[in-house]
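Numbers for residues simply follow the sequence, beginning at 1.
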Amino acid sequence: MKREVAVGAAEGLAQGQRKLVFIDGRSVVVFNVAGKLHAIENSCPHNGASLANGNLDGSLLTCPAHGLRFDLSTGCMPGAGFGQLCLDVLPVRTVDGQLMIEVEQA
Ligand code: FES
């Protein structure tokens, strides 16, 4: 079962910014990329490094650990191919000015 969790005011997350939140002990990063929201698990699919401080270039997020890049617009490494890794993406939207993230019921 899924539920939505409020993680703060949307106006606090300006374009180009990110926010680290915790939901049921999970670490989640919310990005505002050119006005579009993206929420991902704060764990790189390569080896579990934190992505919260990764460099963001447009929608391309670079993992600080080994430099793999992920496109937040798809959740996956750019360029489809064998062995392509993808982030764990969570649905996020704004409701009444609040950032709402959809998670599986714990
Ligand atoms: S843990 Fe992210 S690139 Fe290796």
Are [Y] and [X] linked, directly or through intermediate hydrophobic residues, by side-chain heavy-atom contacts shorter than 4.5 Å (ILVMFWY only)?
X: L51; Y: V103; value: no
X: M77; Y: V89; value: yes
X: L90; Y: L37; value: yes
X: V5; Y: L99; value: yes

*Please name the residue in the list V33, I40, D71 that meets the side-chain contact (heavy atoms from CB on, under 4.5 Å) test with L61.*
I40
Heavy-atom side-chain proximity of [X] to [Y] below 4.5 angstrom:
X: V21; Y: R26; value: no
X: F70; Y: P45; value: yes
X: F31; Y: L13; value: no
X: H38; Y: V30; value: no
X: L72; Y: L56; value: yes
X: L87; Y: C76; value: no
X: S27; Y: L20; value: yes
X: Q17; Y: N32; value: no

_C44 and C63 SG atoms less than 2.5 angstrom apart_ =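 Cysteines C63 and C44 do not qualify as a disulfide pair, their SG atoms being 2.5 Å or more apart.
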*Under 3.5 Å, is there a donor-acceptor pair between the T62 and N55 side chains?*
no
*Go through R3 and E102 one step at a time and tell me if the salt bridge (charged side-chain N to carboxylate O under 4.0 Å, His left out) criterion holds.*
CA-CA 6 Å; R3 68 189 169 101; E102 187 178 296; over 6 Å; no
State whether the side chain of [X] and the backbone N or O of [Y] hold a donor-acceptor pair below 3.5 Å, judged by distance alone.
X: E41; Y: V28; result: no
X: R18; Y: G54; result: yes
X: K19; Y: V7; result: yes

_Any residue meeting side-chain hydrogen bond (donor to acceptor under 3.5 Å, both in side chains) with T94, in chain and number order, not counting sequence neighbours_ =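 T94 satisfies side-chain hydrogen bond (donor to acceptor under 3.5 Å, both in side chains) with no residue once adjacent residues are dropped.
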*Nearest non-hydrogen partners of Q15 and A34, listed with the distance*: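 Smallest heavy-atom distance, with atoms named: OE1-CA, 3.5 Å.
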